[in-house]
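The figures here come from the full heavy-atom set of this structure, side chains too, leaving out hydrogens, waters and symmetry mates. Every chain is numbered from 1 and lettered A, B, ... according to where its sequence line falls, protein lines coming before strand lines. Values in this document were obtained by computation on a predicted structure and should not be read as measured data.
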Number of protein chains: 2
Amino acid sequence: MSDNPVSPKKYAVGVDFGTESGRAVLVEVATGREISTAVYPYKNGVIDERLPVDGAPVRLGPEWALQDPQDYIRTFQNTVPAVLAESGVDPADVIGVGIDFTACTMLPVKKDGTPLAGLPEYQRNPHAWVKLWKHHAAQPEANQLNETARAQGYKFLDRYGGKISSEWFVPKVMQILDEAPEIYTAADRFLEAADWVIWQLTGIESRNSCTAGYKALWSKREGYPPDDFYKALDPRLEHLVDEKLSRTIAPIGERVGGLTDQAAAWLGLRPGTAVAVANVDAHVSVPAATVTAPGSMVMIMGTSTCHMLLGKEEHVVPGMCGYVEDGIIPGLFGYEAGQSCVGDHFAWFIENCVPGAYEREASARGISIHQLLEEKAGALRPGQSGLIALDWWNGNRSVLVDADLSGLLVGMTLATRPEELYRALIEATAYGTRVIIEAFNEYNVPVKELIATGGLPDKNRLLMQIYADVTGMEIRVAAAKQTPALGSAMFGAVAAGKAAGGYDTIVEASQKMAHLRPDEVYRPNLEAKKVYDHLFAEYRLLHDTFGRGANDVMKRLKKLKAEVLES
Amino acid sequence: MSDNPVSPKKYAVGVDFGTESGRAVLVEVATGREISTAVYPYKNGVIDERLPVDGAPVRLGPEWALQDPQDYIRTFQNTVPAVLAESGVDPADVIGVGIDFTACTMLPVKKDGTPLAGLPEYQRNPHAWVKLWKHHAAQPEANQLNETARAQGYKFLDRYGGKISSEWFVPKVMQILDEAPEIYTAADRFLEAADWVIWQLTGIESRNSCTAGYKALWSKREGYPPDDFYKALDPRLEHLVDEKLSRTIAPIGERVGGLTDQAAAWLGLRPGTAVAVANVDAHVSVPAATVTAPGSMVMIMGTSTCHMLLGKEEHVVPGMCGYVEDGIIPGLFGYEAGQSCVGDHFAWFIENCVPGAYEREASARGISIHQLLEEKAGALRPGQSGLIALDWWNGNRSVLVDADLSGLLVGMTLATRPEELYRALIEATAYGTRVIIEAFNEYNVPVKELIATGGLPDKNRLLMQIYADVTGMEIRVAAAKQTPALGSAMFGAVAAGKAAGGYDTIVEASQKMAHLRPDEVYRPNLEAKKVYDHLFAEYRLLHDTFGRGANDVMKRLKKLKAEVLES
């Protein structure tokens with residue numbers, strides 16, 4: 001055991017707060033081995049039709065998506081005691097707790113941390129609730145922010161690919177001010193739900209550098225934009241940062257404090273157990289997928305895909321989601337890009353476009369419709385379908401940063417079969433990934449290998465091979481079943497520190513606790529790559545025609561649709 | 001009865017030779033009333049995999065489509081006696097027979113009319129059989145013909161929208177010469193199957209002006225192209241017209257002769273019964289849909305759509321299929337355009353893109369999937385789906401004349417539903433029709449009203465309303481259930497002539513025998529028209545981008561597909 005400085009008897013807990021549920025894992029600190037896991041499906045789930053309140057219904061608008069902060073507390077209460085009970089581990093051997101969250105998922109609270117949604121006088125106002133990452137009703141505010149920043153020449157836009165998303169922190173605050181100024185006034189603080197749950201665990205208000213950097217316009221070197229910028233958005237916002245945020249930002253990888261007595265009782269752990277600075281699901285996944293150095297792009301592939309990459313230097317890469325110094329791994333720039341429609345794309349296809357005959361065939365053979373389509377699509381050769389698609393069913397996050405784009409399919413004939421359409425959609429998402437990789441390479445943040453994690457690599461081997469063939473790069477797969485929760489547990493072990501049986505840095509934790517699957521490597525087929533090079537050139541041409549203004553038909557169709565629905 | 005010069009006891013027979021079957025109708029000459037009808041599904045149907053011969057199988061290439069000439073004789077034998085028997089009409093009261101056919105559907109025969117396919121020494125050679133209109137294997141020859149005609153400045157191309165289709169007569173002859181010179185040599189005559197069946201009925205070889213004009217480069221004023229043109233295609237073709245065709249062309253609306261004894265026995269009619277010059281299904285439908293004058297466009301809407309229009313003057317309209325003097329109605333120019341994928345488009349969608357849940361819903365409600373989709377799509381408003389399509393799943397016949405184009409769909413989101421895609425496909429075919437109407441109007445062949453016939457108007461009222469809304473024109477519907485067969489019977493009555501109880505001209509026959517449905521008029525909704533004007537502008541833009549060379553991705557994808565399949 002001399003080569004292992006960490007006691008094998010120490011454990012860490014990671015809690016991953018997702019869109020529909022929260023999940024805890026209990027992990028062995030020395031090896032990263034997952035001992036037990038438990039999931040809590042949020043009682044109130046995604047609130048997108050009406051508020052979960054008594055009395056007359058309070059309905060929400062079409063682009064709204066809220067959550068209930070009490071669901072986060074219930075997640076702690078339901079999952080952490082469960083993983084302890086299942087494992088039989090002594091709470092005294094649990095040295096640290098880390099959490100990761102969706103982002104930007106934010107809420108207004110009182111000075112003591114009480115959510116406005118929990119106060120009777122505010123709970124019937126939708127703006128008092130948690131705005132979930134996919135709350136998309138602040139687009140007018142995002143547009144105003146982007147126009148103001150551009151018009152006044154603020155450089156911070158460059159860090160975000162030139163455009164701020166309506167999903168992010170400031171547009172969401174602006175929407176509250178615009179539509180519910182009484183909630184804006186009543187809120188002593190606005191903060192990420194990620195930081196709010198850490199406050200509930202430790203009694204200490206903190207703001208993590210990851211969401212501050214990626215979602216709230218903060219940077220380590222420049223801090224927040226100046227008050228004049230907020231004033232230009234709305235005079236009432238001039239002192240937003242000092243009045244309702246904080247200029248003190250906690251670097252990821254640090255310890256916020258220890259569990260309070262109350263929180264320790266919720267979790268079934270010892271008071272004082274180390275609690276890490278909050279983090280974001282995609283970002284904790286990077287060290288949990290073994291990556292703590294430049295060159296390896298982590299693709300977190302699920303309903304959407306996040307592409308995470310580290311760099312030693314600061315480079316502006318047009319159309320990426322953002323880059324933040326120390327945002328993923330202390331000492332490095334963390335670059336993020338994304339595709340907003342990947343697994344969702346295939347789910348849409350299967351729900352809307354697969355004929356009954358295929359359902360019956362799958363059922364007769366005792367396989368899923370996904371398996372049947374993968375089999376049929378897998379029998380096709382690259383280029384054989386004569387189809388190509390633009391994968392913008394949910395807009396384009398990188399590199400065009402345009403939610404108003406939509407899908408395109410070209411090449412259909414009367415002989416086109418469902419599996420050909422399905423394969424074309426998979427290929428389109430692979431081309432979208434290649435666009436992102438090429439953008440990083442072109443702007444001097446090199447991508448040398450690909451590491452996949454998330455739900456898709458397990459579900460669809462054909463997809464993984466197509467990605468290897470389209471990109472011409474090897475793809476390896478992270479070993480963890482729950483990569484974000486493992487990453488959170490790793491940060492918990494770092495918060496505890498080496499003296500307590502943990503680690504002093506996330507790099508060390510990653511070396512010991514994170515692993516790749518030893519036998520699963522997708523290697524590019526060079527014949528396929530050659531065909532895909534032709535198809536990718538076509539994708540590029542369509543991408544630029546429909547995505548860069550030569551033909552804005554997608555935007556005009558969306559505008560006409562909105563007008564028709566309003567008339 | 002004084003206002004009706006025609007005895008009510010006289011009848012005419014029309015036989016319509018389709019792709020899969022032949023149909024006879026017995027019609028009352030005075031009124032056009034259909035007395036009885038019978039269908040014969042061809043024993044050998046469309047021959048597109050292997051020849052119906054004994055011994056080792058003779059397989060066909062991918063774009064081949066043949067027919068068996070004996071199926072036409074069997075059609076006469078099976079249907080005409082049946083309509084007589086069903087009606088109880090005395091054969092002595094049947095004054096004339098007319099036929100219409102698909103075109104160009106052609107075959108090689110010996111001097112006496114014997115098809116080479118019927119001779120043991122040739123029957124195992126695919127080139128000995130009837131080449132059906134949709135035989136598409138002569139594209140290289142069509143390309144060569146077009147290049148040669150363009151390079152040498154032949155003006156006749158103008159009459160055909162600038163391009164000859166691979167479906168037409170000369171490319172099919174050229175393919176025989178290229179691939180089976182022994183069949184070319186053995187053939188004393190090449191002719192349309194339409195003319196061949198008239199030969200079988202009358203013992204007289206004739207060539208009708210309709211197919212000669214629309215499919216074989218002949219015109220009333222100029223005749224065939226000069227021998228030098230054929231020589232330029234291939235020296236062996238120099239004397240094609242004089243050796244294997246004929247310069248004597250029979251105008252439609254005339255009588256070829258009377259039934260031979262043998263043919264009278266096949267049909268159960270009297271020897272000597274008048275037989276009309278052969279005609280084409282789409283073209284006989286025009287007077288059968290009441291149209292014998294300029295201004296009214298007849299849309300024959302089925303798996304594909306033919307647009308037929310009359311004009312007093314000769315005008316070159318770019319991208320139309322062709323115009324022929326006396327080609328539809330003597331004394332007028334007959335203009336033809338087409339869309340190659342209409343009903344086929346919806347059939348493809350229903351086979352490949354409708355989810356099992358919709359099939360179950362339709363089945364539970366006891367309606368067809370077509371009805372369910374029409375109901376759901378009918379509940380949408382124009383522009384609401386945010387979708388637009390290019391209706392080129394089977395290439396574009398007018399006005400781009402390009403079989404290598406393919407389908408395009410744009411505007412999909414994760415909220416897009418099957419009925420929205422379905423409606424977008426219907427709308428796309430309506431835009432395609434509007435492009436054709438605008439081309440005719442622009443080039444001085446005015447379109448003032450629309451008259452629909454064919455299978456689609458009965459099947460889909462939503463489609464008819466969308467066509468009215470997109471074009472901004474009223475659409476009325478022909479009353480006949482079997483418009484081509486009625487048209488053929490009308491030409492039979494004209495072949496018999498007024499003295500025999502028929503008519504002297506097709507215009508008179510049309511006035512008495514053809515009718516519109518009195519209560520079925522689709523009137524444009526002006527609000528819908530306004531939205532569709534916007535969408536049509538988008539269609540135009542995509543149409544020109546992908547159809548006129550700005551982005552030839554469709555052709556490149558087809559080429560890549562062919563290369564992949566060959567490799």
>> At a 4.5 Å cut-off on heavy atoms, which part of A:N551 comes close to chain B: side chain, backbone, both, or neither?
In response: side chain
> Does B:K529 NZ have over 12 foreign heavy atoms under 6.0 Å away?
Replying inline: yes
>> Give the interface residues of residues 396-403 of chain A toward chain B, defined by a heavy-atom separation under 4.5 Å.
In response: none
>> With rounding to the nearest 0.5 angstrom, report the CE to CH2 distance, A:M412 to B:W348.
In response: 6.0 Å
>> Is A:Q384 in contact with chain B via its backbone, its side chain, both, or neither, using a 4.5 Å heavy-atom distance?
In response: both
>> Test of understanding: with ring pair (Phe, Tyr, Trp, His ring centres under 6.0 Å), list the residues that count as partners of A:H345, not counting sequence neighbours.
In response: A:W393
> Non-hydrogen atoms of chain B under 4.5 Å away: do they reach the side chain of A:S385, the backbone, both or neither?
Replying inline: backbone
> With chain B, which of A:C341, A:S567, A:A347, A:G395 has the greatest number of heavy-atom pairs at distances under 4.5 Å?
Replying inline: A:S567
> Is the count of non-hydrogen atoms from other residues, nucleotides or ligands lying under 6.0 Å from A:R50 atom CZ greater than 12?
Replying inline: no
> Which one, B:L414, B:N394, B:L408, B:L541, leads in non-hydrogen pairs under 4.5 Å with chain A?
Replying inline: B:L414
>> For A:E351, which atoms come within 4.5 Å of any heavy atom of chain B: side chain, backbone, both, or neither?
In response: both
>> Rounded at 0.5 Å granularity, tell me how far CE in A:M554 sits from CG in B:L387.
In response: 11.0 Å
>> To the nearest 0.5 Å, what is the distance between CG on B:D552 and CD on A:E538?
In response: 9.5 Å
>> Could you tell me if the side chain of A:K559 sits less than 4.5 Å from the side chain of B:H534, heavy atoms only?
In response: no
> Who among B:I388, B:L405, B:T416, B:V531 has the most heavy-atom pairs with chain A under 4.5 Å?
Replying inline: B:T416
> Taking every heavy-atom pair that is under 4.5 Å apart, which of A:P382, A:G356, A:A550, A:G407 has the most such pairs with chain B?
Replying inline: A:G407
> Shortest non-hydrogen contact from A:G411 to B:S406?
Replying inline: CA-OG, 3.1 Å
>> Does B:K459 have more than 12 heavy atoms from other residues, nucleotides or ligands lying within 6.0 Å of its NZ?
In response: no
> Under a 4.5 Å heavy-atom cutoff, which of B:V410, B:T413, B:L565 has the most pairs with chain A?
Replying inline: B:T413
> In terms of heavy-atom proximity below 4.5 Å to chain A, should B:V354 be classed as side chain, backbone, both, or neither?
Replying inline: backbone
> Do you know which two heavy atoms are closest between B:C353 and A:L421, and how far apart they sit?
Replying inline: SG-CD1, 4.4 Å
> Side chain, backbone, both or neither: which part of A:A357 has a heavy atom under 4.5 Å from chain B?
Replying inline: backbone
> Can you say whether B:Y358 sits under 4.5 Å from chain A via the side chain, the backbone, both, or neither, judging by heavy atoms?
Replying inline: neither
>> Heavy-atom pairs under 4.5 Å with chain B: which of A:F546, A:F349, A:W392 has the most?
In response: A:F546
> Can you check whether B:L535 reaches A:L560 side chain to side chain, under 4.5 Å on heavy atoms?
Replying inline: yes
